[in-house]
Amino acid sequence: MRSLKYYDNYKDLSTGEEMAEVSEILMSVLSTVRVPRPGDRVHKDECALSFASPESEGGLYVCMNSFLGFGSQFVERHHARTGQRAYLHITRTRKSQVTFLYYAQPPTMISKVAPSLQVQQWDGEVRQESKHAPDLKQLDNGVKIPPSGWKCEVCELQENLWMNLTDGKVLCGRRYFDGSGGNNHALQHFQQTGYPLAVKLGTITPDGADVYSYDEDDMVLDSKLAEHLSHFGIDMMTMEKRVGEWEVIQESGTTLRPLWGPGLTGMKNLGNSCYLNSVMQVLFTVPDFQERSVVSLSCFFFDRAKLGHGLLSGEYSKPAPDPADDLSAPSEPRGDQVGIAPRMFKALVGRGHPEFSTNRQQDAQEFLLHFINMVERNCRSGPNPSEAFRFLVEERIVCQQSQKAKYTQRVDYIVQLPVLMDQATNAEELQEAERLREEAESTGTPPPAAPRAQIPFSACLDALSEPETLTDFWSSAVQGKTTATKTTRFASFPDYLVIQIKKFTFGLDWVPKKLDVSIDVPDTLDLSALRGTGQQPGEELLPEVAPPPLMTPDSRLDRQLPPVLDDSTVSQLCEMGFPLEACRKAVYFTGNTGIDAAMNWVMGHMDDADFSAPLVLPGSSSAPGSTPTESVPEEHLATIVSMGFSRDQATRALRATSNVLERAVDWIFSHLDDLESMEVSEGGRSEAGSEGSRDPPPGPRVRDGPGKYELFAFISHMGTSTMCGHYVCHIKKDQQWVIFNDQKVCASEKPPKDLGYLYFYRRVAE
């Protein structure tokens, strides 16, 4: 249905006698209407100043010149400031309505041209009896289903399995948009046979099971389920639901109480944006990020402030409408919220990034570091909220031949703890399960379900502090390679500590996999014993003698001398499939310190635009226009200076890395010892001053305090790898754990603290 109205003292222009005015009105605003050009983005889903959407009260108004969207509370303000008079008005319930808004003089006069856009009706949660259940055909083919060890009969997938209730075929479910789920074999089987009903294996209990009707395209009830299952040898009265990672983390077995209000706002999943949702929910629990959510001229700060207001104000923390047939009827809360859809924020933080700009699933830890990096780059002056997480790591390297030591410091934001499978407390149970699995494979029978490894948190923490042996360390004391030991300690303790459990690893075939472990992560943590102490009394330091050119990539030595690279490390990296030049740079920039350091460099620089470009020494003739006095971009210079370094130090870092900001930041953090000998040019003093008046060593601003913490949030991942699955987070608010599962925000009954991926601690005040 279409209608055209012109509101002038609320007169209806849809009548014939006044329709003649419509063309005159449209002609009067035609000069302000612009046709979108290629590259123009029409913001038809989200208000530029709030999270109002077409579903919000009053709908969304799209400016017909700039194509920005505005909620009903902001459209008149935009009209008053810009003089724009033409807007596309979009409202959406079960049926969308698109109208044309015209501001006449005065601006209370409005013209509308009405609607025709259908959207899919929302699905309710009440399951109906399937029309196929009473007379379902079942084949007498002798198929009997074992109680465990199922796998897809086509692809042998062992997750998300469905048994067809007509012929007993066990096949995998639908493939989700992130690539997880299954391979669509159960759906394809229905398309080939027409057999409509399937039950999800692992959900069968005496109370029922998950039954899907492919013909009706919905979850359904089957009143004859016990009879249908017994046909294939399944006694549902003796079955227990398999409680897996997905059910435990999402607390599926409990009745969760929905929560509403400030700080309890859900976030819509935009298609694999659960990693972003979980990280931002936790960050906006930290006061530094809450207090810095203010409007700024920067797009980054503005969108961050907009997101903070949306999450903290409670304005969007309301029950989602119940999709009843009668939209005017009152609805009961179902757990889902109206929430916010951070489309513009996701587009901004992902702009130009090869992964975060896509709709693919991502690693929450990588996104957290990416966002912190954006905060660092944009906080050039004034308070920087990422300082809440920033801390210094002290690395002590002792040459085993000379027993002399070297101390370095580097900046970090996350503590990464390894998972030591050999420290499992249920090792005997795991060994027995492995024996049974091998036995089942040899006999062709289904293997039993594998138990989850129980790893003590203390074992993971001990591994962090244990000395590491360096076999290819270049010692300035002996002027050659030798063996050294490296110990890592905290040089400072941050206000907020992030701990990552390194669950994701590579198998022997280099295929990414996730370790299925349970770790007894404590509610309180005391890391005081891990504070670094610096040089010990009577301890000799390694001489400050420059190693080969490899160790000082910014040195101005003969540019004709090629860098000395460890060929064995380069070869190992190449065998892993990385480009040759990237491998050479990894070995070069980590100073021949071994495969682990080089691998970390590769993983941290894979997104660099010049990742596979040839290795070019800073200032070499192969870099066009590069000279020892080459100028550096003022914008990059200001960014590094704002982090607490001097202008001379920032200049040196940029010249050492060909003016690439991200590499310069990495370089300056790994060369703090070298920078201490430089004269501080801005507000500092020369090293020639007396020891008694020595200023603190140059470096980034860090907060320090006691190393005692309490757990206040954790992010959990479900799935087999970071490339698929789902994220949720649990946050402790007013002594109550709350689960944030996209748009669902509920009081947590059993927070699965042992299955987390990222843990967030805050300092305990003494």
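These values consider heavy atoms only, across backbone and side chains, with no hydrogens, waters or symmetry-generated copies. Here, residue 1 is the first one in the sequence, and each next residue gets the next number. For clarity, every value in this text was computed on a predicted model and none was experimentally measured.
In this structure, Tyr757 and Tyr727 have tilted ring planes: the angle between them lies in the 30° to 60° band.
Counting only distance, with no hydrogens or angles, the side chain of Gln409 and the backbone of Leu392 share no donor-acceptor pair below 3.5 Å. Between the side chain of Tyr759 and the backbone N or O of Lys753 there is at least one donor-acceptor pair closer than 3.5 Å. The main-chain N or O of Gln281 is found under 3.5 Å from a side-chain atom of Thr285 such that the two form a donor-acceptor pair. Panel note: side chain Lys733, backbone Gly263; a donor-acceptor pair is recorded below 3.5 Å. Distance alone, capped at 3.5 Å, places no donor-acceptor pair between the Gln423 side chain and the Pro456 backbone. No donor-acceptor pair under 3.5 Å is formed between the side chain of Glu540 and the backbone N or O of Gly538. Remark: side-chain polar atoms of Lys503 are paired, donor with acceptor, to backbone N or O of Gly756 under 3.5 angstrom. Side-chain N or O atoms of His717 include none that pairs as donor or acceptor with a backbone N or O of Ala364 at under 3.5 Å. Glu355 places no side-chain N or O within 3.5 Å of a backbone atom of His353 that could act as its donor or acceptor partner.
Here Leu312 contributes atom CG and Phe284 contributes atom CZ; the two are 7.0 Å apart, rounded to the nearest 0.5 Å. Distance NZ/Lys404 to OG/Ser475: 8.5 Å, rounded to 0.5 Å. The structure places CZ of Arg410 at 4.5 Å from CD of Glu395, a figure rounded to the nearest 0.5 Å. Leu461 contributes atom CG, which lies 5.5 Å from atom CG of Leu530 (distance to the nearest 0.5 angstrom). Here the straight-line distance linking atom CZ of Phe760 with atom CD of Glu710 works out to 15.0 Å at 0.5 Å rounding. A distance of 9.5 Å separates CZ of Phe389 from CG of Leu497, quoted to the nearest 0.5 Å.
Looking at heavy atoms from C-beta onward, Gln500 lies out of side-chain contact with Leu369 at the 4.5 angstrom threshold. For the pair Glu539 and Tyr407, the minimum side-chain heavy-atom distance is below 4.5 Å. At least one side-chain heavy atom of Val570 sits less than 4.5 Å from a side-chain heavy atom of Leu580. Side-chain atoms of Leu515 and Ile501, non-hydrogen and from C-beta on, never get closer than 4.5 Å to each other. You'll find the side chain of Cys460 stays beyond 4.5 Å of the side chain of Lys502, heavy atoms only. Looking at heavy atoms from C-beta onward, Ile731 lies in side-chain contact with Val282 at the 4.5 angstrom threshold. For the pair Pro385/Phe289, a side-chain contact is recorded, criterion being any heavy-atom separation below 4.5 Å from C-beta on. For the pair Val398/Gln403, a side-chain contact is recorded, criterion being any heavy-atom separation below 4.5 Å from C-beta on.
Partners of Phe391 by ring-ring contact (aromatic ring centres under 6.0 Å, His included), not counting sequence neighbours, listed by chain and number: Phe490. Under the ring-ring contact (aromatic ring centres under 6.0 Å, His included) criterion, Phe740 pairs with no residue at all, not counting sequence neighbours. Evaluation of the ring-ring contact (aromatic ring centres under 6.0 Å, His included) rule for Phe367 yields Tyr275, Phe356 as partners, not counting sequence neighbours. For Asp363, there are no salt bridge (charged side-chain N to carboxylate O under 4.0 Å, His left out) partners two or more places apart in sequence or in a different chain. Shown here are the salt bridge (charged side-chain N to carboxylate O under 4.0 Å, His left out) partners of Asp704, two or more places apart in sequence or in another chain: Arg531.
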With side-chain contact (heavy atoms from CB on, under 4.5 Å) as the test, would you mind laying out the steps for Phe714 and Val521 before giving the verdict? CA-CA 10 Å; Phe714 60 95; Val521 176; over 6 Å; no
The test is side-chain contact (heavy atoms from CB on, under 4.5 Å); show your working for Cys399 and Lys406 and say whether it passes. CA-CA 8 Å; Cys399 169; Lys406 176 182 180 180; over 6 Å; no
Can Leu542 and Ser402 be said to form a side-chain contact (heavy atoms from CB on, under 4.5 Å), step by step? CA-CA 9 Å; Leu542 285 167; Ser402 66; 4.0 Å; yes
Could you walk me through whether Phe473 and Lys486 pass side-chain contact (heavy atoms from CB on, under 4.5 Å), step by step? CA-CA 10 Å; Phe473 175 72; Lys486 181 177 75 172; over 6 Å; no
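Minimum heavy-atom separation, Gln361 to Cys274: NE2-SG, 3.3 Å. Heavy-atom minimum distance, Pro342 versus Met267: CG-CE, 3.6 Å. The shortest heavy-atom contact between Ala463 and Pro418 is CB-CG, 3.7 Å. Shown here for Ala459 and Leu420, the closest heavy-atom pair between the two residues is O-CD1, 3.6 Å.
The only option from Arg763, Arg390, Lys708 that meets the salt bridge (charged side-chain N to carboxylate O under 4.0 Å, His left out) definition with Asp495 turns out to be Arg763. Across Leu276, Ile414, Asn373, a single residue satisfies side-chain contact (heavy atoms from CB on, under 4.5 Å) together with Leu368, and that is Ile414.
Side chains of Asn384 and Glu376: a donor-acceptor N/O pair is present below 3.5 angstrom, by distance only. No donor-acceptor contact under 3.5 angstrom links the side chains of Arg762 and Tyr496, judged on distance only. Gln400 and Thr485 form a side-chain donor-acceptor contact under 3.5 Å, judged by distance and modelled atom types alone.
Residue pairs satisfying the side-chain hydrogen bond (donor to acceptor under 3.5 Å, both in side chains) criterion with at least one member in residues 460-472, sequence neighbours excluded, are absent.
Note on Asp523 versus Lys732: no salt bridge recorded, every NZ/NE/NH1/NH2 to OD/OE distance being 4.0 Å or above.
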